[in-house]
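In this text, all values refer to a predicted model and were calculated from it rather than measured experimentally.
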Amino acid sequence: METVDTDVAAGVRASLNYVAPWSAKNRLYVAPGAHLTTTEYDPHVVLIADGRPHGGEFSLDRNGFMFVRHHSAVADFSAPAELDGTYTGEATHLVRQLTGADLVISEGWVLRRSGTELRGAQPPAPDVHIDLHPDRAPGVFERFHATHGRPGKPFRRVIYTSLWRAFSPPPQDCPLAILDYQSVADTEGVANLLLFVDQPPDPVPDTIEDEQSQPAGTVFTYSPAHRWWYFPDMNPDEALLFKLHDSDHRVAWRAPHTAFRDPSVPAGHTRESVEIRTFAFFY
């Protein structure tokens, strides 16, 4: 089944932050409750189609993402103890069920809030990105598996995913937009260094020692071929599962994404969300 064309689907037109073609210093400094980017952006207004009427048509291996209905036993998604315990168990079980993997291990969770009072959470990611660069993926997978997987047992495939869930009341002011893998070329994207620090640097250093050894995500320049989707008014019994990287490139192996300000709900609620990233190993 082919995905519905975004050109004929209902949706909103909103501005997304693409990386500028001339951006030369692409870095994201991440600190507790804050981040700083040196990347230069080139915003474009695009159509972001409403995926709700077509939710069952999306799949991980065709589009890079899927819409999931899933009731969680978590009472308070802002409580770290519940996320470490109940939710991590739920998430790894769900990802294993949806991917068919032999082993699924959590990398951890991230809370995000769109308001001015972050209360220890991260702000929504404001640019078109993937949280891993393809050049870094093999090393990341090998190191994680050696530490947390089944050492000595080689895996034949690994899928790195994010399970994303909004838990503030709908409509949220800053939902998540997902780029259909079928509309983005495998060659698109440039590295964006991920630098984890105690606090954002001031001033920002001109150079970074041994940049190739640093963790890196991927940021994307604008293309008119891109086809965007979102799911408005999400509630805690719904989630998005999307690929950050799949070692099998014969199928959809990533889904670029970004938060965006929804102009159709100027009085929307502050978006509170939780994402949990997992490695799904196949032996």
Side-chain angles (χ1 to χ4, degrees), residues 14-17 27-39 41 68 70-92 94-95 106-132 161-178 192-202 204 215 217 219 230-242 244 257-278:
S15 180
L16 302 186
N17 287 323
R27 303 179 199 162
L28 176 63
Y29 292 90
V30 179
H35 68 225
L36 170 70
T37 183
T38 62
T39 305
Y41 293 106
V68 182
H70 174 258
H71 177 73
S72 172
V74 172
D76 181 2
F77 282 101
S78 65
E82 289 205 66
L83 296 178
D84 286 338
T86 301
Y87 195 53
T88 295
E90 289 180 344
T92 53
L94 180 62
V95 173
S106 167
E107 185 188 35
W109 49 265
V110 178
L111 284 173
R112 297 189 188 273
R113 293 188 175 94
S114 61
T116 56
E117 296 184 10
L118 295 177
R119 305 196 304 277
Q122 289 289 326
D127 56 3
V128 179
H129 74 286
I130 287 282
D131 301 89
L132 183 63
T161 65
S162 177
L163 183 68
W164 187 95
R165 188 185 305 253
F167 59 88
S168 55
Q172 293 93 17
D173 59 357
C174 197
L176 189 72
I178 303 281
N192 191 36
L193 295 187
L194 297 175
L195 303 168
F196 296 94
V197 294
D198 293 330
Q199 59 184 21
D202 184 20
V204 173
V219 286
Y230 85 121
F231 295 82
D233 301 333
M234 289 188 70
N235 64 66
D237 285 335
E238 301 170 332
L240 290 170
L241 179 64
F242 54 93
L244 304 175
H257 51 280
T258 181
F260 73 98
R261 290 285 173 178
D262 187 345
S264 69
V265 289
H269 294 101
T270 295
R271 187 255 269 185
E272 294 182 278
S273 62
V274 59
E275 59 202 69
I276 187 163
R277 299 172 187 172
T278 63

Please evaluate residues Glu272 and Arg119 with respect to the criterion salt bridge (charged side-chain N to carboxylate O under 4.0 Å, His left out), reporting the C-alpha separation (whole Å), side-chain torsions for both, the decisive distance (0.1 Å), and the verdict. CA-CA 11 Å; Glu272 294 182 278; Arg119 305 196 304 277; 3.4 Å; yes
Determine whether Ser162 and Asp131 satisfy the following criterion, side-chain hydrogen bond (donor to acceptor under 3.5 Å, both in side chains), listing intermediate values before the conclusion. CA-CA 10 Å; Ser162 177; Asp131 301 89; over 6 Å; no
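Atom CD1 of Ile130 sits about 11.0 Å away from atom OG1 of Thr258, to the nearest 0.5 Å. Between Leu240 atom CG and Ser273 atom OG the span is 10.5 Å, to the nearest 0.5 Å. To the nearest 0.5 Å, atoms CZ (Phe260) and OG (Ser15) are separated by 11.0 Å. In this structure, Thr161 OG1 and Phe242 CZ are separated by 8.5 Å, a value rounded to the nearest 0.5 Å. Interatomic distance, CG of Leu94 versus CG of Leu241, reported as 7.0 Å (0.5 Å rounding). Interatomic distance, Phe167 CZ to Arg271 CZ, rounded to the nearest 0.5 Å: 10.0 Å.
With a 6.0 Å radius and a threshold of 12 heavy atoms from other residues, nucleotides or ligands, Asp76 has its CG atom above the threshold.
Side-chain contact between Tyr87 and Ile276: present, with at least one pair of heavy atoms (C-beta onward) separated by less than 4.5 Å. Two residues are said to be in side-chain contact when any heavy atoms from C-beta on lie closer than 4.5 Å; Trp164 and Leu176 meet this criterion. Between Tyr41 and Pro126, every side-chain heavy-atom pair lies at or beyond the 4.5 Å cut-off. Residues Glu275 and Leu163 have side chains not in contact (no heavy-atom distance under 4.5 Å, counting atoms from C-beta outward). With a 4.5 Å cut-off on side-chain heavy atoms, Tyr29 and Leu194 do not count as touching. Two residues are said to be in side-chain contact when any heavy atoms from C-beta on lie closer than 4.5 Å; His70 and Arg165 meet this criterion.
Within the 3.5 Å criterion, the main-chain N or O of Gly85 finds no donor-acceptor partner in the side chain of Thr88. Side-chain atoms of Glu82 never come within 3.5 Å of backbone atoms of Ser78 as a donor-acceptor pair (strictly under, hydrogens ignored). Thr278 places no side-chain N or O within donor-acceptor distance of the main-chain N or O of Ser106, the cut-off being under 3.5 Å. His129 places a side-chain N or O within donor-acceptor distance of the main-chain N or O of His257, the cut-off being under 3.5 Å. Checking side-chain atoms of His269 against main-chain N and O of Pro169 turns up a donor-acceptor pair under 3.5 Å. With hydrogens and angles disregarded, no donor-acceptor distance shorter than 3.5 Å links the side chain of Arg261 to the backbone of Cys174. Remark: side-chain polar atoms of Gln122 are not paired, donor with acceptor, to backbone N or O of Leu111 under 3.5 angstrom. With hydrogens and angles disregarded, a donor-acceptor distance shorter than 3.5 Å links the side chain of Glu90 to the backbone of Ala73.
For the side-chain hydrogen bond (donor to acceptor under 3.5 Å, both in side chains) with Thr39, the qualifying choice from Asn17, Asn192, Asp127 is Asn192, the only one to do so.
For the pair Glu238 and Met234, the tightest heavy-atom approach, listed with the atom from each and the gap, is OE1-CA, 3.3 Å. When all heavy atoms of Pro175 and Asp262 are compared, the closest pair comes out as CD-CB, 3.9 Å. Closest approach of Ser114 and Thr270 over heavy atoms only: OG-CG2, 3.4 Å. Taking each heavy atom of Arg112 and Pro124 in turn, the nearest pair found is CD-CA, 3.9 Å. Closest non-hydrogen pair, Gln172 versus Val265, comes out as O-CG2, 3.6 Å. Counting all heavy atoms, side chain and backbone alike, Val274 lies closest to Phe77 at CG1-CD2, 3.9 Å.
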